[in-house]
Amino acid sequence: MKKLILLIFLLCTLGAFSQELAFSEYGGTSSTSEKVNHAKEQETTDFVKHLDGLNDKKLGRYLRKRGTADKLIDKGNEYFDLMWYAEAARIFDLVLEKTDAKHTQQLLSRAGDSYYYTGNLEKAYQWYHELHQLYKEEVEEGALFKYKETLKGTGKYQRAATLTKILRQKRNEPLNELDKVDANTWEATYDVSIKNLKLNSPYSDFSPMFHNESDIVYASAKDTLFLTTRRYRWTNQPFLDLYIAQQKGEDGELSAPQKFSRKINTKYHEASMAFSPDQKTIYFTRNNYGKRLKRGENGINHLKIYRSELKDGEWTKAEELPFNSENYSTGHPAVSPDGKKMYFVSDRPGGFGETDIYVVDIDANGAFSEPKNLGKTINTETKEMFPYAVENALYFSSNRPMGFGGLDVYKSDGTNETFGVGVNLGEPINSNRDDFSYIVDASGEQGYFASNRKGGKGDDDIYSFKSIPNYNAIVGSVTSESSGIPLEETHINLYGTNGVLLNKTVSDTTGRYVFKNLSPSTSYTLVATKKGFMDDSISVKTKENENITVTQFLREAVKEKPITEVYEPSNVYFAFDSYEITPIYAQELDKLVTVLNENKTLSLKIESHTDAIGPESYNKYLSDKRAKSTRDYIVSQGIDVSRILSAVGYGEERLLNNCSNGTPCAADQHRLNRRSEFILVAE
């Protein structure tokens with residue numbers, strides 16, 4: 001088997017055909033071998049068609065013949081080594097489902113891989129799952145990674161998260177790194193409507209790009225030849241060409257698709273293009289191809305970026321760009337709005353992950369600077385692909401951990417070569433499959449992207465999207481309870497139903513603030529904090545496209561005189577990820593209640609804490625719930641709520657030991673930090 005360790009640049013984790021279009025190309029043709037390979041392909045096609053043409057009775061008789069299973073396995077391995085995965089998958093299926101052949105580790109692994117590479121995640125999951133069940137301790141890391149991706153792609157997120165931790169342990173990577181990727185990096189895009197376009201074919205359609213004022217150029221593997229069609233053996237689909245279509249109507253529908261240019265389209269792959277601002281230069285991705293396919297040191301036909309100029313209404317013969325290579329792939333060009341920079345994707349040596357995004361300068365003469373990696377705010381150890389540049393941001397796709405599925409679309413604010421951390425665009429732009437090649441118009445209101453999500457017409461489909469006005473907002477104000485004066489510079493945190501911090505703001509000089517673009521009919525928690533005042537929290541539920549108005553009244557903090565001579569309360573401890581008062585610690589609180597009943601001049605402050613396991617934002621929320629549950633228990637025992645001056649959660653800010661993030665600690669050491677503490681105050 002030719003090693004796939006060589007990075008298959010566009011082979012996405014969830015099998016989108018558009019992404020594996022040949023950042024590895026073993027199965028292509030070259031001059032002297034073209035006729036031989038064509039005959040071999042025809043023989044393969046005839047063999048698989050013959051098997052599919054047998055009725056159940058004849059197929060069963062054939063499969064029961066002695067030695068047939070072994071011959072089929074050999075044939076499947078032959079197709080697999082040639083990267084003819086569609087045919088290999090069919091053969092392996094017959095062996096595994098209809099013969100008594102032993103389900104070996106290699107057979108299950110290759111069956112899973114064949115479906116994984118062709119995008120059938122349900123079947124890939126079937127064979128990877130059995131592989132994991134039978135050979136759990138022997139499964140290679142690569143197979144575990146693909147199994148994890150099929151778990152995400154089929155909606156089994158919890159098991160995918162567990163497998164992610166196992167993979168990080170195998171690589172000796174810190175588990176606390178996973179805590180840095182939480183829902184705070186997701187932007188809710190529920191106020192966007194999406195539509196599957198009519199021009200989508202049963203094959204792969206993707207990489208839309210704006211051209212002139214009303215056209216879209218895109219890549220497609222649809223069959224447009226009348227007599228014969230050359231097939232890309234990886235997925236048994238036709239090769240990719242560039243097409244052009246016209247935008248029609250307000251919903252982004254596209255009509256009248258046709259081949260973009262005979263000068264640019266060849267018998268191999270063309271895809272992922274970008275245009276200069278004046279629309280007279282096109283940059284696009286193509287197999288490394290002259291008179292025949294060219295291969296690098298390891299026999300791989302990589303991808304390159306090519307450029308063509310529009311002269312006298314015709315596109316010139318394409319020329320390759322100088323920073324391409326025979327030995328690694330370069331593709332997915334994106335041009336900045338001013339035309340002075342090009343972003344692209346490459347698996348060249350020296351990157352941070354499998355594929356990284358790079359940038360080059362384009363001077364007035366069309367020459368290029370040396371490529372520069374965009375750095376760790378954009379690139380990770382996984383795949384970053386399909387960049388698209390707008391005025392003050394870069395959109396791209398990545399299959400980094402803790403996303404929705406395979407490739408997700410991210411947005412990174414910034415310009416030129418300096419960008420912030422990518423933010424996941426959330427649903428419905430992203431799904432549990434591959435979502436990529438996202439573009440948006442100058443207004444930021446509508447655009448297109450591609451996805452192989454369920455419910456489409458083919459492998460990868462192009463979707464239009466359009467922003468829907470969202471009037472769901474919370475308009476709040478903060479006022480002093482005693483004086484009625486508005487409180488400026490009050491810090492307001494907005495929490496979701498799961499306790500995750502969604503947003504934060506500060507009140508203005510009139511004590512007002514607003515949180516916009518919220519979900520309809522959703523419960524939120526607002527926590528107001530200001531020095532010299534007691535914290536206040538309030539639950540608010542949004543309506544359908546309406547502003548919700550709320551006012552919070554903050555009580556001034558009492559000047560405290562802590563005392564310990566009457567009674568020194570014991571701490572109350574909590575179980576992991578819990579704010580429930582257990583019976584044993586209810587007894588401690590009962591002692592405190594007795595002291596408060598016997599000393600009417602005493603008031604109480606409650607401070608609650610967590611360990612350092614999990615995201616900081618969640619721990620802050622959890623400690624607040626512990627403080628409130630402690631307060632509620634004391635009030636339930638007859639203590640007036642006015643005597644509880646505060647009930648504040650500090651999260652993991654005040655650990656009693658060094659069990660911080662990444663520090664190994666025993667369970668009882670972590671337990672010491674999961675507590676409520678008490679301060680008795682004399683008036």
Side-chain angles (χ1 to χ4, degrees), residues 183-200 206-211 213-216 218 245-255 334 336-337 386-398 403-405 407-415 419-420 422-451 453 455-456 461-475 494 496 502-503 505 514-522 524 542-548:
N184 290 328
T185 62
W186 290 356
E187 279 190 354
T189 53
Y190 44 81
D191 53 342
V192 169
S193 64
I194 66 172
K195 178 182 180 181
N196 187 294
L197 302 183
K198 293 178 181 178
L199 59 64
N200 287 312
F206 70 105
S207 275
M209 184 57 60
F210 298 113
H211 182 45
E213 293 184 358
S214 59
D215 294 336
I216 294 291
Y218 66 101
Q246 297 175 350
Q247 295 187 70
K248 181 182 179 181
E250 296 183 357
D251 58 359
E253 191 60 72
L254 301 177
S255 64
S336 61
F386 296 99
Y388 179 71
V390 295
E391 195 66 42
N392 294 302
L394 184 74
Y395 294 91
F396 61 94
S397 288
S398 175
F404 285 89
L407 288 176
D408 279 0
V409 179
Y410 290 78
K411 177 186 178 184
S412 181
D413 292 323
T415 57
F419 294 96
V423 175
N424 191 304
L425 291 191
E427 295 176 320
I429 296 297
N430 291 317
S431 67
N432 65 351
R433 295 298 181 97
D434 293 314
D435 307 288
F436 56 99
S437 63
Y438 177 99
I439 62 173
V440 62
D441 66 11
S443 71
E445 297 296 318
Q446 59 187 106
Y448 300 87
F449 68 98
S451 177
R453 64 187 61 192
D461 281 0
I462 298 174
Y463 292 78
S464 65
F465 69 87
K466 185 176 182 179
S467 296
I468 301 172
N470 181 354
Y471 302 110
N472 293 301
I474 296 175
V475 180
L494 178 74
L502 301 177
N503 205 346
T505 190
V514 61
F515 290 110
K516 298 180 179 180
N517 296 321
L518 302 177
S519 297
S521 304
T522 301
Y524 294 95
T542 54
K543 297 182 180 179
E544 291 285 343
N545 268 348
E546 292 184 29
N547 288 347
I548 302 298

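Start at 1 with the first residue, then count along the sequence. All values below were derived from every heavy atom in this structure, side-chain atoms included, with hydrogens, water molecules and symmetry-related copies excluded. Quick caveat, the model's predicted, so the values are computed rather than measured.
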Testing the basics here: between [X] and [Y], what is the closest heavy-atom pair and its distance to 0.1 Å?
X    : Y    : value
P428 : I194 : O-CD1, 4.1 Å
Y218 : P208 : CB-CA, 3.9 Å
L394 : P387 : CD1-CB, 4.2 Å
A245 : L254 : CB-CB, 4.0 Å
V440 : Y388 : O-OH, 3.3 Å
A389 : S336 : CB-CA, 4.1 Å

Step by step, would you call I439 with M209 a side chain to side chain contact (heavy atoms under 4.5 Å, CB included)? CA-CA 7 Å; I439 62 173; M209 184 57 60; 4.0 Å; yes
Set of ring-ring contact (aromatic ring centres under 6.0 Å, His included) partners for F210, sequence neighbours left out: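 For F210, no residue satisfies ring-ring contact (aromatic ring centres under 6.0 Å, His included) once neighbours in sequence are set aside.
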Could you point out which residue of Q247, E250, K195, E253 forms a side chain to side chain contact (heavy atoms under 4.5 Å, CB included) with S464?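 Single side chain to side chain contact (heavy atoms under 4.5 Å, CB included) partner of S464 among Q247, E250, K195, E253: K195.
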Ignoring hydrogens and geometry, is there a side-chain-to-backbone donor-acceptor pair from [X] to [Y] under 3.5 Å?
X    : Y    : value
Y438 : K411 : no
N196 : G456 : no
N472 : S519 : no
N430 : V409 : yes

Identify, with sequence neighbours excluded, every residue that meets side chain to side chain contact (heavy atoms under 4.5 Å, CB included) alongside T542.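 Result, side chain to side chain contact (heavy atoms under 4.5 Å, CB included) vs T542: I474, L518, T522, Y524.
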Got a second to check how far [X]'s [atom1] is from [Y]'s [atom2], nearest 0.5 Å?
X    : Y    : atom1 : atom2 : answer
I216 : S255 : CD1   : OG    : 11.5 Å
D441 : K466 : CG    : NZ    : 10.0 Å
Y463 : N200 : OH    : CG    : 7.5 Å
Y395 : F449 : OH    : CZ    : 13.0 Å
N503 : K516 : CG    : NZ    : 12.0 Å

Run the numbers on D408 and L425 for side chain to side chain contact (heavy atoms under 4.5 Å, CB included), then give the verdict. CA-CA 8 Å; D408 279 0; L425 291 191; over 6 Å; no
Which pairs pass salt bridge (Lys or Arg N to Asp or Glu O under 4.0 Å) with one or both residues in residues 388-397, sequence neighbours excluded?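 Output for this query is empty, none listed.
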May I have the step-by-step check of side chain to side chain contact (heavy atoms under 4.5 Å, CB included) for L502 and F515, ending in yes or no? CA-CA 10 Å; L502 301 177; F515 290 110; over 6 Å; no
Relative to each other, are the rings of F206 and F436 parallel, tilted or perpendicular (30° and 60° limits)?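 F206 and F436: tilted rings.
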Check: N392/T415 side-chain N/O donor and acceptor closer than 3.5 Å: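 No, no side-chain donor-acceptor contact under 3.5 Å.
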Testing N432, D435, D434 for side chain to side chain donor-acceptor pair (under 3.5 Å) with R453, which one passes?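 With R453 as partner, N432, D435, D434 yield a single side chain to side chain donor-acceptor pair (under 3.5 Å), made by D435.
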